[in-house]
**Student:** 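First, the structure itself, so that you have it in front of you.
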Amino acid sequence: MSILDEVSHIEQDAIKRISEADSLDLLRELQVQFLGRKGSLTAVLKSLGGLSPNERKAVGARANQVRELIEQKIEEATSRLSSAKSSSSFDPTLPGTGQYLGVTHIVTQTMNDICGIFERMGFQIARGPHVETEHYNFEALNFAPDHPARDEHDTFFVEGGRLLRTHTTPVQAREMEKRKNDLPIKLIMPGRTFRHEDISTRAHVSFHQVDGFLVDEGITIADLKGCLNAFTHAYFGEGLKLRFRPSYFPFTEPSAEVDVACYLCRGKGCQLCKQSGWLEILGCGMIHPNVLEMAGIDSEKYTGYAFGVGVERPAMLKHGINDIRLFFNNNLRFLRQFN
Ligand code: DAH
């Protein structure tokens with residue numbers, strides 16, 4: 001093999017092995033093998049002394065050309081391998097890992113929305129205990145001991161003759177008693193309530209209500225209607241008609257249930273309102289004189305109105321939620337929608 005052939009052989013061998021190298025360590029070894037002090041190309045250069053001046057010039061030029069080529073190939077391979085190495089541990093071009101911000105639970109949001117509307121009308125917030133006495137849950141609200149209306153409140157009784165409140169109306173009895181000498185009273189009372197019901201798409205053992213009431217001199221049913229009109233329009237939208245249907249609650253007389261014209265079809269009839277054109281949203285009435293008297297308020301001098309709004313139902317109507325259980329099974333994919 002001529003010395004020039006040897007140089008070409010070194011060249012091809014180097015290019016092949018550098019291109020196949022799969023680590024930086026191996027590249028460093030190859031560099032030593034070809035270009036190091038005892039490297040194969042270095043050996044060729046060292047042997048130039050024994051050649052004729054012409055040969056020396058030709059072989060020297062060729063060997064230097066190959067040296068440069070090998071250096072260049074090693075440099076290229078080095079940057080290829082170091083960038084591959086970094087991408088396996090960190091690739092700044094990949095999208096980041098998403099972080100979810102917490103959101104207020106849709107039930108709390110709805111309760112805040114409802115309370116906010118009444119607060120802007122001058123109502124203040126009051127709260128009461130979940131574990132309630134029979135007295136405040138029933139007696140003080142004019143439910144006689146064997147009154148059939150108690151059957152509608154399927155009650156969880158707990159130790160010590162207490163119960164889990166079946167509505168937020170007992171807070172009304174508590175607050176009237178507490179503030180009987182500090183009239184007028186104008187309160188909104190949000191909170192959790194409990195009933196011993198079979199759980200279904202429409203019913204749950206635990207749900208939420210917002211009760212409200214106003215006691216003062218000269219309060220009439222016109223004040224009640226004005227207040228509920230303002231609330232309904234603020235919550236469901238302007239221009240919707242209200243319908244007061246006579247109803248019965250032991251603690252109000254007269255009593256009514258309020259329907260609002262279905263905000264989806266505006267009263268024409270659709271799936272949401274079951275073709276009736278109306279959505280039932282709350283109960284209300286003028287506070288029964290017995291309830292005022294039991295709290296120590298003179299029912300000859302003072303009158304008042306009261307109302308109770310469910311929380312889950314308006315939220316379901318407004319957001320098109322078809323199963324009340326969704327509120328309480330902590331499915332984050334459901335809850336995160338409402339932010
Ligand atoms: N407490 C009633 C219920 O749970 C709702 C209600 C109706 C509350 C009329 C009131 C009211 O304050 O005036 O079914």
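One-based numbering, in listed order, for ligands and for the atoms of each. Bear in mind that the values here come from a model prediction, so they are computed numbers and not experimental data.
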**Student:** Establish, yes or no, whether the cationic atom of Lys186 lies under 6.0 Å from the six-membered ring centre of Phe213 and within 45° of the ring axis.
**Tutor:**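 Lys186 over Phe213 ring: no.
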
**Student:** Ring of Tyr100, cation from Arg336 - is the NZ or CZ under 6.0 Å from the centre and inside 45° of the axis?
**Tutor:**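 Output yes; distance and angle both within limits.
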
**Student:** Is it the side chain (CB and beyond), the backbone, both or neither of Tyr305 that lies under 4.0 Å from ligand 1, heavy atoms counted?
**Tutor:** neither

**Student:** Just heavy atoms, cut-off under 4.0 Å: does Ala306 contact ligand 1 by side chain, backbone, both, or neither?
**Tutor:**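 Contact part for Ala306 vs ligand 1: both backbone and side chain.
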
**Student:** Using the six-membered ring wherever Trp is involved, compare the ring planes of His147 and Tyr248 and label them parallel, tilted or perpendicular (cut-offs 30° and 60°).
**Tutor:** parallel

**Student:** Starting from atom 11 (C) of ligand 1, which protein heavy atom do you reach first, and at what distance in Å?
**Tutor:** Phe251 CE1, 3.4 Å

**Student:** For residues Phe34 and Ile10, determine if any side-chain heavy atom of one lies less than 4.5 Å from a side-chain heavy atom of the other.
**Tutor:**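 When only atoms from C-beta onward are counted, Ile10 and Phe34 do touch, with a gap below 4.5 Å.
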
**Student:** Ring centroid separation for Phe194 and Phe156, is it under 6.0 angstrom?
**Tutor:** no

**Student:** Has ligand 1 got any nitrogen or oxygen that is less than 3.5 angstrom from a nitrogen or oxygen of Arg195?
**Tutor:** yes

**Student:** With a cut-off of 4.0 Å, which atoms of ligand 1 are near a heavy atom of Gln209?
**Tutor:** 3 (C), 4 (O)

**Student:** Checking a contact table here: which protein heavy atom is nearest atom 5 (C) of ligand 1, and how many Å away?
**Tutor:**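 For atom 5 (C) of ligand 1, the nearest protein heavy atom comes out as Gly308 CA, 4.3 Å.
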
**Student:** So which protein heavy atom does atom 12 (O) of ligand 1 come closest to, and at what separation?
**Tutor:** Asp211 OD2, 2.8 Å

**Student:** Parallel, tilted or perpendicular: which fits the ring planes of Phe231 and Phe118, with parallel below 30° and perpendicular above 60°?
**Tutor:**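 It falls in the parallel class, under 30°.
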
**Student:** Polar contacts were defined as any N/O atom of the residue lying under 3.5 Å from an N/O atom of the ligand; does this apply to Cys284 and ligand 1?
**Tutor:** no

**Student:** Verify the ring-centre separation between Phe143 and His153: is it less than 6.0 angstrom?
**Tutor:**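 Under 6.0 Å, so yes.
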
**Student:** Indicate yes or no for a side-chain donor-acceptor contact from Thr220 to the backbone of Ala222 under 3.5 Å, with no hydrogens or angles considered.
**Tutor:** yes

**Student:** Where does Phe249 meet ligand 1, judged by heavy-atom distances below 4.0 Å: at the side chain, the backbone, both, or neither?
**Tutor:** side chain

**Student:** Any idea which atoms of ligand 1 are less than 4.0 Å away from a heavy-atom of Thr252?
**Tutor:**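 Matching atoms, with element in brackets: 13 (O).
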
**Student:** For the 3.5 Å polar cut-off, considering only N or O atoms, please tell me whether His167 and ligand 1 meet it.
**Tutor:** yes

